[in-house]
Amino acid sequence: MFSTGQMIFAIAFAVVFAIIIVISYKKDFKLHQKNYKGVKWIGIFFTLFVILLLFIKFFLKE
């Protein structure tokens, strides 16, 4: 399905891309801590809200 060269390129691309993402994240970590303080609470409440909606959907379906 894929040639050997394509597989090598895909693996090399994925590895280099992951390394660049990690380096960028480490570089901006302090800035993210400052600018996105309450984001974890929004994520928690959003997840709980979706779970509540699913619970209501299955509860009212029966």
Side-chain angles (χ1 to χ4, degrees):
M1 186 166 165
F2 294 110
S3 70
T4 305
Q6 288 174 324
M7 292 296 287
I8 292 171
F9 174 78
I11 292 169
F13 181 84
V15 169
V16 171
F17 184 76
I19 290 170
I20 291 172
I21 293 296
V22 168
I23 291 170
S24 296
Y25 179 77
K26 285 184 178 182
K27 183 178 172 184
D28 294 338
F29 182 73
K30 289 182 182 179
L31 185 63
H32 290 170
Q33 292 295 331
K34 179 181 146 189
N35 290 333
Y36 302 112
K37 284 182 186 172
V39 172
K40 65 180 172 183
W41 293 110
I42 293 172
I44 290 170
F45 287 124
F46 180 75
T47 304
L48 290 174
F49 179 70
V50 170
I51 291 171
L52 176 67
L53 288 176
L54 290 172
F55 177 74
I56 291 171
K57 176 184 173 184
F58 289 119
F59 180 72
L60 293 177
K61 191 175 183 179
E62 293 178 3

Query raised in the report: Does the ring-ring contact (aromatic ring centres under 6.0 Å, His included) test come out yes or no for Tyr25 and Phe29, once each step is laid out?
Result: CA-CA 6 Å; Tyr25 179 77; Phe29 182 73; 5.8 Å; yes

**Report entry** Qualifying residue, where the test is side-chain contact (heavy atoms from CB on, under 4.5 Å) with Leu52 and the options are Leu48, Leu54, Val50, Ile56
**Finding:** Ile56

Report task. Calculate, to the nearest 0.5 Å, the distance between atoms CD and CD1 belonging to Gln6 and Ile8 respectively. Result -> 11.0 Å

Requested in this report: Hey, could you give me the OG1/CZ distance between Thr47 and Phe45, rounded to the nearest 0.5 Å?
Outcome: 11.0 Å

Query raised in the report: Heavy atoms, side chains only, cut-off 4.5 Å: are Lys57 and Leu53 in contact?
Result: no

